[in-house]
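What follows is a single structure, written as structure tokens, with notes after it.
Values below: every heavy atom of this structure, side chains too, minus hydrogens, waters and symmetry copies. Labels below follow one simple rule: chain letters A, B, ... track the order of the sequence lines, proteins then strands, and each chain is numbered from 1.
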Amino acid sequence: MDKQKIKIRAFGLIAEKMETDDFDLEGLHDTDGVRMALLGKFPSLEKIDFAIAVDKELIDKNTSLKSGAEVALLPPFSGG
Amino acid sequence: MDKQKIKIRAFGLIAEKMETDDFDLEGLHDTDGVRMALLGKFPSLEKIDFAIAVDKELIDKNTSLKSGAEVALLPPFSGG
Amino acid sequence: MAKKIKNIFVQGPISPEFIGESIAHHSKKTGIGGHSIFLGQVRADKKEGNQEVEAIEYSSYLEMALEKAHEIREQTFEKYDLSCMHIHHSMGRVEKGEICLFVFTSSKHREPAINACNELVERIKKEIPIWGKEILSNKETNWKTNS
Amino acid sequence: MAKKIKNIFVQGPISPEFIGESIAHHSKKTGIGGHSIFLGQVRADKKEGNQEVEAIEYSSYLEMALEKAHEIREQTFEKYDLSCMHIHHSMGRVEKGEICLFVFTSSKHREPAINACNELVERIKKEIPIWGKEILSNKETNWKTNS
């Protein structure tokens with residue numbers, strides 16, 4: 001069995017829609033896989049614009065994940 | 001006798017050189033005349049860059065003066 | 001060798017007294033000729049249904065935000081000839097009329113301070129993971145968007 | 001019909017507390033989203049003969065300065081969509097490290113406040129008849145020039 005664990009962190013509108021902001025996913029090896037798993041679990045995310053950061057770095061294409069990686073779901077920033 | 005009176009006001013370096021900042025001149029009818037009279041009285045002004053304002057408006061060419069006009073001698077501004 | 005990462009976050013609003021004190025701290029730095037300051041203030045925007053923004057509640061991806069702020073800080077010091085740079089952003093609730101962002105730059109001549117301050121404000125809004133949730137007069141909420 | 005001409009001059013330095021209070025006064029204006037502030041501070045420049053600037057003594061052609069400041073003020077309100085604009089400049093002696101110029105603009109969105117503040121600083125330095133006499137450590141004086 002695939003025990004690779006990925007830590008998911010959600011913020012802003014995404015956390016609100018998921019009703020959680022911090023959980024683990026198992027058996028995923030890249031960010032496209034994470035995105036698919038999340039859309040399966042939380043269909044309402046489909047309509048929401050968000051970026052992904054892996055270990056605090058924004059990514060702009062599918063990125064492979066090591067066990068323990070932190071994948072953050074980031075709606076558009078609105079500081080200031 | 002020509003009694004037209006012009007009020008002269010001097011500022012900054014000009015006032016320092018003249019050792020006065022407020023006096024009247026008589027018998028002058030334009031700013032070129034004022035400039036000549038002042039250079040005669042205060043030869044050290046020759047080397048100093050200054051602008052002239054008539055009744056608080058900067059002028060850039062010879063300007064005729066009514067009696068009672070205020071002619072200000074303004075070295076380069078250095079506020080701030 | 002890495003420089004210490006500064007905390008940019010303040011709980012709640014940034015007080016005008018804090019800003020005054022922050023300015024006062026620079027009077028010993030007699031090489032400074034100009035300071036540029038930008039302040040963001042929570043606006044009571046009108047929303048649909050005659051609602052108004054009462055407050056904004058800020059949250060952040062803290063670890064990433066501090067790393068990004070550090071990177072922006074280092075790059076701005078590299079690019080502009082600055083004597084000082086200070087960035088403060090609110091977390092948590094800030095009422096309308098209160099200050100949520102304070103960017104403060106200082107330099108010998110005015111241009112670097114002014115240009116750096118403007119660039120910092122743009123970069124903070126675009127690049128730092130902070131989210132504002134508007135609290136409306138009817139207690140409903142709305143996620144703020146930056147233009 | 002003419003608007004009242006405001007006094008922009010303050011005797012001596014502009015205190016950081018005054019700046020803090022001035023910021024605090026805007027918390028009731030909940031249509032404001034951004035403030036831009038520029039502060040000029042007296043710099044202890046090195047001069048010939050190992051002398052240093054200790055203070056600057058400001059003088060002005062007061063009547064013309066206030067008229068010009070009023071004109072700049074009206075033109076800036078015309079050009080930019082501002083909620084507020086405040087200009088304060090010192091007269092008399094200001095020590096090194098103290099503040100001699102305080103320009104403060106506010107607007108709904110940040111751009112007008114920032115652009116107006118920058119333009120005001122440039123115009124104040126170029127167009128308002130104010131002169132600064134630098135007092136050096138050996139008590140000699142030197143008329144400041146703006147670059």
Side-chain angles (χ1 to χ4, degrees), chain A residues 5-25 28 30-32 34-35 37-39 41-80, chain C residues 5 8-10 14 38-43 45 53 56-72 87-92 94 98-103 117-135 140-147:
Chain A
K5 225 182 234 176
I6 303 298
K7 186 178 171 65
I8 305 293
R9 297 191 61 184
F11 296 91
L13 178 59
I14 304 279
E16 194 175 275
K17 290 287 179 195
M18 288 182 169
E19 298 180 339
T20 174
D21 61 3
D22 195 342
F23 58 96
D24 292 342
L25 285 179
L28 294 167
D30 59 29
T31 52
D32 279 358
V34 168
R35 197 181 274 269
L38 288 169
L39 290 177
K41 236 174 129 156
F42 306 99
S44 66
L45 293 192
E46 192 105 39
K47 288 177 189 148
I48 302 176
D49 175 30
F50 64 93
I52 289 182
V54 174
D55 293 331
K56 295 173 274 175
E57 291 290 338
L58 285 175
I59 57 145
D60 55 8
K61 55 178 190 294
N62 189 28
T63 299
S64 67
L65 300 168
K66 289 187 187 148
S67 187
E70 180 169 290
V71 175
L73 314 175
L74 311 174
F77 306 160
S78 57
Chain C
I5 291 192
I8 64 165
F9 292 116
V10 175
I14 297 161
F38 179 81
L39 304 173
Q41 181 167 305
V42 172
R43 215 169 48 219
D45 274 352
V53 172
I56 295 181
E57 212 171 278
Y58 288 101
S59 57
S60 161
Y61 182 7
L62 185 70
E63 307 90 311
M64 183 178 164
L66 295 184
E67 274 189 17
K68 195 70 203 173
H70 181 75
E71 184 187 313
I72 291 172
I87 299 170
H88 304 277
H89 196 294
S90 293
M91 276 296 109
V94 181
E98 290 183 330
I99 289 163
C100 57
L101 173 61
F102 172 27
V103 180
C117 187
N118 296 347
E119 190 172 307
L120 283 169
V121 173
E122 296 305 314
R123 294 194 67 181
I124 289 163
K125 287 178 172 256
K126 277 204 196 77
E127 301 177 35
I128 301 190
I130 298 172
W131 297 274
K133 186 165 68 174
E134 297 169 333
I135 318 289
E140 284 189 14
T141 63
N142 180 53
W143 289 94
K144 177 174 178 269
T145 53
N146 278 356
S147 49

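Panel note: side chain Thr63(A), backbone Thr31(A); no donor-acceptor pair is recorded below 3.5 Å. Checking side-chain atoms of Asn62(A) against main-chain N and O of Asp32(A) turns up a donor-acceptor pair under 3.5 Å.
If you measure heavy-atom distances from Lys144(C) to chain A, the contacts under 4.5 Å come from both the backbone and the side chain. Ala53(A) touches chain C through its side chain: at least one heavy atom from C-beta onward sits under 4.5 Å away, while N, CA, C and O do not. For Ile124(C), no part lies near chain A; criterion is any non-hydrogen pair under 4.5 Å. Heavy-atom distances place the backbone of Ser60(C), and not its side chain, under 4.5 Å from chain A. Interface remark: Glu67(C) contributes side-chain atoms only to the contact with chain A (heavy atom separation under 4.5 Å). Interface remark: Leu101(C) contributes side-chain atoms only to the contact with chain A (heavy atom separation under 4.5 Å).
Atom SG in Cys100(C) sits 9.5 Å away from atom CG in Leu39(C) (nearest 0.5 Å). Atom-to-atom distance recorded for Leu38(A):CG and Lys17(A):NZ is 15.5 Å, nearest 0.5 angstrom.
The candidate from Gly12(A), Ser78(A), Gly80(A) with the greatest count of non-hydrogen atom pairs under 4.5 Å with chain C is Ser78(A). Of the listed residues (Gln41(C), Lys68(C), Glu127(C)), the greatest number of heavy-atom pairs within a distance under 4.5 Å of chain A belongs to Glu127(C). Per-residue heavy-atom pair counts under 4.5 Å with chain C were compared for Lys56(A), Glu70(A), Glu57(A), Glu16(A), and the maximum is reached by Lys56(A). Among Ala51(A), Pro75(A), Pro76(A), the residue making the largest number of heavy-atom pairs under 4.5 Å with chain C is Pro75(A).
Between Phe9(C) and His89(C), the ring planes lie perpendicular to each other; the angle is over 60°, past the 30° to 60° tilted range.
For the ring-ring contact (aromatic ring centres under 6.0 Å, His included) criterion with Phe11(A), the lone passing option out of Trp131(C), Trp143(C), Tyr58(C) is Trp131(C).
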**Worked verdict on Glu122(C) versus Asn118(C) for side-chain contact (heavy atoms from CB on, under 4.5 Å)** = CA-CA 7 Å; Glu122(C) 296 305 314; Asn118(C) 296 347; 5.8 Å; no
